[in-house]
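Written below as structure tokens is the structure these notes are about.
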Amino acid sequence: MLFLALLANTCLVNAQSSIASKPLSVTLLRAGRVLDVRSGHYIESAGILIEGDRIKEVGRTADIETHTPKGATVIDLGHATVLPGLVDCHTHLLARIPSGPDGYALNLLTKSQAFRALEGAADARLTLYAGFTTVRDVENEGSGYADVALRDAIEQGLVEGPRMQVATRAIAAVGQYNPFGVSPDLKDFPTGAQMVSGVEEARRAVREQIGYGADLIKVYADWNRPTLTVEEMSVVVEEAHKQGRKVAAHATTVEGIRNAITAGVDSIEHGHGADQQDLEMMKAKGVYWVPTMGYYFAHVDSARSPEAHKYMEEVLQRARRNIPIARELGVKIANGFDPSSAAEQGKNAQEIIAMSKLGLPPIEAIRAATANAADLMGWQDKVGSIQVGNYADVIAVSGDPVADVTELERVRFVMKGGVVVKNDIFIH
């Protein structure tokens, strides 16, 4: 028995040694140029050496080729422009909500959580193929913890999709989030967020969501008017930060934004009604702003009613006023599209385009969707820039996205972790 045990242990050690000594795959990616999103400058005739799923070297192709190992895979993208994989900090991959006043309730009523997860898998693939290799999914709109399952399935390679941070259920004040208008007789009708009333209920909700896999916590600071109190949000921040999680706050009103910042949140989502004082508070506290303007910019002229058109135009006008102020103050801005329907999924680049039209120079709009977004997520040493040690998450477009940011709507090549997931160019 002792002999057999020693033999088994020797075989295990040898097997582990064999696995450990197996060389990582090496890939040389050649392109016309690579964008350094931090400096805004291009590396011309560029090459990226990739070992396994990480970037090992970035520079001129001619220099890198002198020491590229024989047998390395070479991917030649010709004259294409290469950028880091894009990052969206405000997605809802499990949201395919029907239009109309009762669409949200019908979505909860007619779809199982299993079906919602499958919808999420489809949306994850659309998002990845659009060039967004990382997302911060800020609430799954009433699908329980299906976003945790989707994140884990992507990590295990079961489905294609971006790297994900998930907020699971989000936290809202009782009666102050979707669905509205449900009969009070239906006591167990599902809700779009976890409803709380009071500090201890808020504390329990955070602990519960983190326990079930939340990477961050989202709160609804308002819904047309302030809802959660500063005290309720403060305890959410306290509990989340103790566990190393950040807090994102849906906030659109002046007071709601101010309450959320006072409570210590890490980002303001939307912030459409922000005033000068709100923006100054964001700067002073180091709070990120995720403006979510893409949908409004793309659809204002096709609004379903005069009232909707008026509202969307007002939101855009405030953005045209506030984005330059935020830039001048030095408020940190991160990209987030906020898709919530089947038609919007995979159209995330609309947000970058909108931001460039509303006051951010194109390179800053690109930076908001790369380096800044990665910083907000706490993943600046993993994604958001093409630098040594980061994941080999890269995309390619035909033209110059700094000169024409709409190039990002036409991503032709996507690599995630050194694996090509989309290639409409060619490979040698």
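Values reported hereafter were calculated over all heavy atoms of this structure, with side chains retained and with hydrogens, waters and symmetry mates removed.
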Examine the side chains of S398 and R412 and answer whether a donor and an acceptor come within less than 3.5 Å of each other.
yes
Closest heavy-atom contact between V383 and A374?
O-CB, 3.3 Å
Is the closest side-chain donor-acceptor distance between E160 and Y129 under 3.5 Å?
yes
Verify the distance criterion only: is there a donor paired with an acceptor across the side chains of Q276 and E280 at less than 3.5 Å?
yes
Between Q387 and S385, a side-chain donor and acceptor under 3.5 Å:
yes
Salt bridge present between D393 and R163 (N-O < 4.0 angstrom):
yes
Answer yes or no: does atom NZ of K422 have more than 12 heavy-atom neighbours from other residues, nucleotides or ligands under 6.0 Å?
yes
Any donor-acceptor N or O pair under 3.5 Å, side chains D222, T227
no
T292 and H270: side-chain donor and acceptor closer than 3.5 Å?
yes
For D375 and Y288, which I'm curious about, is there any donor-acceptor pair between the side chains at under 3.5 Å?
yes
Could you tell me whether K56 atom NZ has more than 12 heavy atoms of other residues or ligands within 6.0 Å of it?
no
Under 3.5 Å, side-chain donor or acceptor atoms of residues 164-172 against the rest of the protein: list the pairs with distances, not counting sequence neighbours.
from, atom 1, to, atom 2, distance (Å)
Q165, NE2, M377, O, 2.9
T168, OG1, Q209, OE1, 3.4
R169, NH1, Q194, OE1, 3.4
R169, NH1, E208, OE2, 3.4

Criterion side-chain contact (heavy atoms from CB on, under 4.5 Å) on M282 and L279, from CA distance to verdict
CA-CA 5 Å; M282 287 185 212; L279 295 171; 4.1 Å; yes
Just by distance, no angles: are the side chains of S234 and E231 close enough, under 3.5 Å, to form a donor-acceptor pair?
no
Distance-only donor-acceptor pairs under 3.5 Å for side chains of residues 180-192, two or more places apart:
from, atom 1, to, atom 2, distance (Å)
S183, OG, D185, N, 3.1
K187, NZ, P184, O, 3.4
T191, OG1, A193, O, 2.7

For K285, does the NZ atom have more than 12 heavy-atom neighbours from other residues, nucleotides or ligands under 6.0 Å away?
yes
Side chains of H92 and D147: is there a donor and an acceptor less than 3.5 Å apart?
no
Aromatic rings Y145 and Y212: how do their planes relate, parallel, tilted or perpendicular, breaks at 30° and 60°?
tilted
Would R30 and T61 count as having a side-chain donor-acceptor pair, cut-off 3.5 Å?
no
Does L94 offer a backbone N or O that forms a donor-acceptor pair with the side chain of R116 under 3.5 Å?
yes
Under a 4.0 Å N-O cut-off, is there an ion pair linking R203 with E200?
yes
So, D76 side chain and L29 main chain: donor-acceptor pair closer than 3.5 Å or not?
no
Identified side-chain hydrogen bond (donor to acceptor under 3.5 Å, both in side chains) partner of Y220 from the options E139, Q176, E269
E139
Between E239 and K242, does a salt bridge (charged side-chain N to carboxylate O under 4.0 Å, His left out) hold up when you go through it step by step?
CA-CA 5 Å; E239 290 294 327; K242 279 196 300 188; 3.2 Å; yes
Answer yes if the side chains of D338 and H90 hold a donor-acceptor pair under 3.5 Å, and no otherwise.
yes
